[in-house]
Amino acid sequence: MTIVKRQIELHHAVSAIGGFFGGYTVLNHTDILANAQTGNLIKLVCNACSGDLKSVGFMILMFFVYAAGNAFYAIARKYLKISMKIVSFIVTAVGIILVGALSNVGNHYVSVLPIVFLAPVQWNAFKTAGGNSSATIFSSNNVRQAVIQLTNYFMNKDKAALRKARFYWATLLCFHLGLLMSCLLTMAFGVHSVWFCYILLAIAVFTYYRYQTAKINAFFKSRF
């Protein structure tokens, strides 16, 4: 039970990172949602219809960078010998550096490309927790699950549904706490607020340590 609890804590900590990046890109880089592609693909078609070919070109570039993040995850998972959660932490740490450096370039699309790449890596590395499938980088499915599971509990008094509802509502809360942090820091530091994401990353790494420690302790208890 402790292992599951620590895994859920890790998921929620990483969700705060997803929320931070979501807020950062929207507030600092012309409403671009780097975490997901639905809105950007809609913009691609709309801009193509309006003749904004420069914007279309960048949206296509973002699509391929997002695809590259997914391909990287699949390749790294097959060939690397370390946990993909650790790989995601490393990619995120490097991504923050690149975003901070590229923010001085002045091109909003280029500045968010590292986030476009790291977002699917994070999503794939932390796609489940406590037996629940949940994205840490956007909220659509989390809202769906949170409402459905809570409704199921009220209708059937199913305690399992209540546990799931708590998980998804907590995921949404942590995501939006990260978003709130991004909003407040952006008001004070603008594009340079991205550096504060290292605080959330450090929290996530700490919760990962607690999760791994719980797994190790459970292993030795089962042996001795």
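Any value given below was found using the heavy atoms of this structure, including those in side chains, with hydrogens, waters and symmetry copies removed. In this text the structure is predicted, and so the values were computed from the model without any measurement.
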Could you go through Asn28 and Ser193, starting from their C-alpha distance and side-chain angles, then the distance that decides it, and tell me whether this counts as side chain to side chain contact (heavy atoms under 4.5 Å, CB included)? CA-CA 9 Å; Asn28 293 286; Ser193 59; 4.1 Å; yes

Under 3.5 Å, is there a donor-acceptor pair between the Tyr73 and Ser88 side chains? no

Short side-chain to backbone donor-acceptor contact, Asp158 and Ala160, under 3.5 Å: yes

Whether the His11 and Thr136 side chains hold a donor-acceptor pair (N or O, under 3.5 Å, no angle test) is what I'd like checked. no

Atom NZ of Lys78: over 12 foreign heavy atoms under 6.0 Å: no

Assigning hydrophobic clusters by single linkage (Ile, Leu, Val, Met, Phe, Trp, Tyr; side-chain heavy-atom cutoff under 4.5 Å), is Leu200 placed with Ile97? yes

Passes side chain to side chain contact (heavy atoms under 4.5 Å, CB included), Phe21 versus Leu118? Steps please. CA-CA 10 Å; Phe21 281 134; Leu118 70 85; 3.6 Å; yes

How far apart are the C-alpha atoms of Leu113 and Leu102, what are their side-chain angles, what is the distance that settles it, and do they pass the side chain to side chain contact (heavy atoms under 4.5 Å, CB included) test? CA-CA 9 Å; Leu113 288 179; Leu102 291 172; 5.5 Å; no

Is there a chain of hydrophobic side chains (I, L, V, M, F, W, Y, each step under 4.5 Å between heavy atoms) that links Ile17 to Leu27? no

Any donor-acceptor pair under 3.5 Å from Ser55 side chain to Asp52 backbone: no

Can you confirm whether or not the ring centre of Phe189 sits under 6.0 Å from the ring centre of Trp195? no

Which of Arg6, His12, Gln7 passes side chain to side chain donor-acceptor pair (under 3.5 Å) with Glu9? Answer is Arg6

Could you tell me if the ring centre of Phe117 sits under 6.0 Å from that of Tyr66? no

Would a hydrophobic clustering, with Ile, Leu, Val, Met, Phe, Trp and Tyr connected at side-chain separations under 4.5 Å, put Ile203 with Leu184? no

From Gln37 atom CD to Ile42 atom CD1, the distance as rounded to the nearest 0.5 Å: 11.0 Å

Are Thr171 and Asn142 close enough that a side-chain donor and a side-chain acceptor fall under 3.5 Å? no

Begin with the C-alpha distance, continue with both residues' side-chain angles, and end with the deciding distance and a verdict on side-chain hydrogen bond (donor to acceptor under 3.5 Å, both in side chains) for Ser103 and Tyr24. CA-CA 12 Å; Ser103 292; Tyr24 176 83; 3.1 Å; yes

Verdict with reasoning, Trp169 to Leu173, per side chain to side chain contact (heavy atoms under 4.5 Å, CB included): CA-CA 6 Å; Trp169 284 113; Leu173 174 62; over 6 Å; no

Donor-acceptor pair, side chain of Gln122 and main chain of Thr92, under 3.5 angstrom: no

Just by modelled atom types, is the Asn124 backbone N or O under 3.5 Å from a matching donor or acceptor in the Lys127 side chain? yes

State whether the side chain of Asn35 and the backbone N or O of Gly18 hold a donor-acceptor pair below 3.5 Å, judged by distance alone. yes

Check whether Phe126 forms a cation-pi arrangement with Lys85 (NZ or CZ under 6.0 Å from the six-membered ring centre, at most 45° off the ring normal). yes

Is Lys54 close enough and on-axis enough to Phe58, meaning under 6.0 Å and within 45°, for cation-pi? no

Within one Ile-Leu-Val-Met-Phe-Trp-Tyr cluster: Phe206 and Val87, side-chain cutoff 4.5 Å: no

Any sub-3.5 Å donor-acceptor pair from Tyr198's side-chain atoms to Ala93's backbone N or O? yes

Is Asn156 reaching over with its side chain to a backbone N or O of Tyr153, donor-acceptor style, under 3.5 angstrom? no

Rounded to the nearest 0.5 Å, how far apart are OG of Ser139 and CD of Gln145? 13.0 Å

Is Trp123 reachable from Phe72 through a run of I, L, V, M, F, W or Y residues, each pair having side-chain heavy atoms under 4.5 Å apart? yes

